[in-house]
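Notes follow the structure.
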Amino acid sequence: MKDNLFDIIGNPKERSSINPETVNGGKIYIETYGCQMNLSDSEIVLGLLGEYGYIASVEIENSDVIFLNTCSVRENAEKKIFNRLKALAHYKKKNPNVIIGVLGCMAERLKDNLLNKSKIVDLIVGPDEYRKLPALIENVIETGEKGIAVKLSKAETYDDIIPIRKNSITAWISVMRGCNKFCTYCIVPYTRGRERSRKAKKIVNEAISLNREGIKEITLLGQNVNSYRDAENDFPDLLGMVADAVPDMRIRYVTSHPYDLSDKLLETMAVRKNICKYIHLPVQSGSDRILKLMNREYSIEKYTGIVEKARKLMPEIAFSTDIITGFPTETEDDHKMTLDLIKNIKFDGAFMFAYSPRENTKAFKMDDDVTSAIKHRRLEEIIETQKKISLEINKLNINKTMQILIETLSKKSPEFIMGRTDCNKTVIIPKSNHKIGDYVNVLIERVNSATLFAKEAI
Ligand code: SAH
Ligand code: SF4
Ligand code: F3S
């Protein structure tokens, strides 16, 4: 069924008469899916193409190049992209000159197979080949030939590229790329390649220049930031250097792997006021047996130990996590251990997923023996348990005063604005005279499991 999902629209050769001027200096529209690494990469792509005269467009209509920066982490993520590509056929029909490109993890995973699956795709470019985009775009314009570049690199970090950021208050800085962990369920090491780090000095300089531009908060990004290394500097060193270089900015980081989260990292956070007291620490399962099958390289005892140590050093610290339910061979007992862990740790929040087999991973060879119905029942139980805990924790904040950084208008009403606490809680307050980028002290009045509602503290 998949092979004829897409209409064949237009013969690529018809494009050979296009004048390059129509696209060089043309408008690039990027839709980004997946994790923050992809969001950060889209900004890098815009920065890179900006150097060649292309401009970022916020509207798909009338753009000359449409990119989907894609995610392969679960089957559903890929389904979403195939559906989106189907919808994009409409733009191609309207304007056969429009160039459609698939970037990111799906480009890397499916490579030229993607051309068979979607006839409207002109370009397939993996995460380490974005420097080739200007030439590839030109080539499509000049020859009408489809382009593909999907080599992974051991060195590419885009260290010299200045990303074009949409947000004027918060910014991501990608500090390392790739992953060497090879969790058995995970496609990321195959789509993103091996770990490599940017120079600490470059990262610190980027933070300083973002500070000068008026950015208030920085998130240091990597698939596993604990593996960061530049000469003698490890991740805690880098985090400390960045925090010290821009003491009036909030500093966050994501994602940490429990295997190598060090005491040094916790101590670095504890002694610096501007490092946010929040850690996203994916646990995946509450069962040591399943963790072993997942190749996560830590036990629940070790994980709990990290959380306890962090809470002792920073009593206000918040934790969020990722959980996969229905990994091969997961029993009701394993599932109960995950529920117990959630209740024990009391995470502030969690991203929860049903296991999705990914081709070429180690777990793909294991029998996916937990039925879809069981996976979804377990997932519901996990979500319900976590929701109750998030609500319980959020309730403790009622009548407390907190400082938030205003990030955007509320999605639901322009009369309200959204800010975030140091611990990454979303807070909604009446807009009144506040501006995006202000720090405001607020009094929490009511909560639900996801959001705090507040008024300005007097
Ligand atoms: N590097 C990060 C995670 C990146 S992927 C880390 O290790 O923390 C984000 C999350 O997607 C993972 O933490 C995991 O919970 C989930 N995930 C990854 N592969 C998956 C799969 N095959 N099925 C279901 N969920 C998966
Ligand atoms: Fe995937 Fe594991 Fe690497 Fe995270 S640490 S990206 S889950 S292989
Ligand atoms: Fe998805 Fe790739 Fe990120 S698979 S989660 S976009 S690294």
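Both counts, for ligands and for their atoms, begin at 1 and track the order of listing. Worth saying up front: this structure is predicted, and the values here are computed from it rather than measured.
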Side-chain ion pair, [X] and [Y], N-O less than 4.0 Å:
X      : Y      : value
Glu308 : Lys312 : no
Asp159 : Lys201 : no
Asp160 : Lys202 : no
Lys92  : Asp122 : yes
Arg192 : Asp41  : yes

[X] versus ligand 1: do any nitrogen or oxygen atoms come within less than 3.5 Å of each other?
X      : answer
Ser256 : no
Gln284 : yes
Thr255 : no

Which atoms of ligand 2 are found less than 4.0 Å from any heavy atom of [X]?
X      : value
Arg296 : 2 (Fe), 7 (S)
Phe182 : 8 (S)
Gln223 : 6 (S)
Lys181 : 3 (Fe), 5 (S)

Checklist entry - Would you find a donor on one side and an acceptor on the other, under 3.5 Å apart, between the side chain of Arg252 and the backbone of Asp422? => result yes

Those atoms of ligand 3 less than 4.0 Å from some heavy atom in [X]:
X      : result
Asn38  : 6 (S)
Cys71  : 1 (Fe), 4 (S), 5 (S), 6 (S)
Cys35  : 3 (Fe), 5 (S), 6 (S), 7 (S)
Cys105 : 2 (Fe), 4 (S), 6 (S), 7 (S)

Checklist entry - Where does the angle between the aromatic ring planes of Phe351 and Phe353 fall among parallel (under 30°), tilted (30 to 60°) and perpendicular (over 60°)? => result parallel

Checklist entry - Are Arg131 and Tyr158 in a cation-pi contact, defined as NZ or CZ under 6.0 Å from the six-membered ring centre and within 45° of the axis? => result no

Item to check | Ring-ring centroid check Tyr253 Phe235, cutoff 6.0 Å | outcome: yes

Checklist entry - Quick one: are the ring centres of Tyr91 and Tyr29 less than 6.0 Å apart? => result no

Item to check | Closest protein heavy atom (residue, atom, distance) for atom 7 (S) of ligand 2 | outcome: Tyr185 OH, 3.4 Å

Checklist entry - Is there a heavy atom of Arg192 sitting under 4.0 angstrom from any atom of ligand 2? => result no

Next on the checklist: Looking at ligand 3, would Met37 count as a contact under a 4.0 Å heavy-atom criterion?
Outcome noted: no

Item to check | Ser72 touching ligand 3 at heavy-atom level, < 4.0 angstrom | outcome: yes

Below 4.0 Å from any atom of ligand 1, is there a heavy atom belonging to [X]?
X      : answer
Ala354 : yes
His257 : no
Ile324 : yes
Arg296 : yes

Checklist entry - Which atoms from ligand 1 have a heavy atom of Tyr355 less than 4.0 Å away? => result 23 (N), 24 (C)

Next on the checklist: I need the atoms of ligand 1 closer than 4.0 Å to a non-hydrogen atom of Arg74, numbered in the order shown.
Outcome noted: 11 (O), 16 (C), 17 (N), 23 (N), 24 (C), 25 (N), 26 (C)

Checklist entry - If you take all heavy atoms of Gly326 and Tyr355, which pair is closest and at what distance? => result O-CB, 3.5 Å

Run down the list [options] and name the one with the heavy atom closest to [atom].
atom                    : options                        : answer
atom 7 (S) of ligand 3  : Gln223, Arg358, Gln36, Arg109  : Gln223
atom 1 (Fe) of ligand 2 : Gly178, Ser227, Cys183, Cys186 : Cys186
atom 1 (N) of ligand 1  : Gln223, Met37, Glu75           : Gln223

Checklist entry - Where's the contact between Pro282 and ligand 2, heavy-atom distance under 4.0 Å: side chain, backbone, both or neither? => result neither

Checklist entry - Any idea which part of Val188 is under 4.0 Å from ligand 2, heavy-atom wise: side chain, backbone, both or neither? => result side chain

Checklist entry - Is there an N/O/S atom in Cys179 at a distance below 2.8 Å from atom 2 (Fe) of ligand 2? => result no

Checklist outcome for this item: Contact region, Pro282 to ligand 1, non-hydrogen atoms below 4.0 Å, reads side chain

Next on the checklist: If you count heavy atoms of other groups shown closer than 6.0 angstrom to NZ of Lys362, is the number above 12?
Outcome noted: no

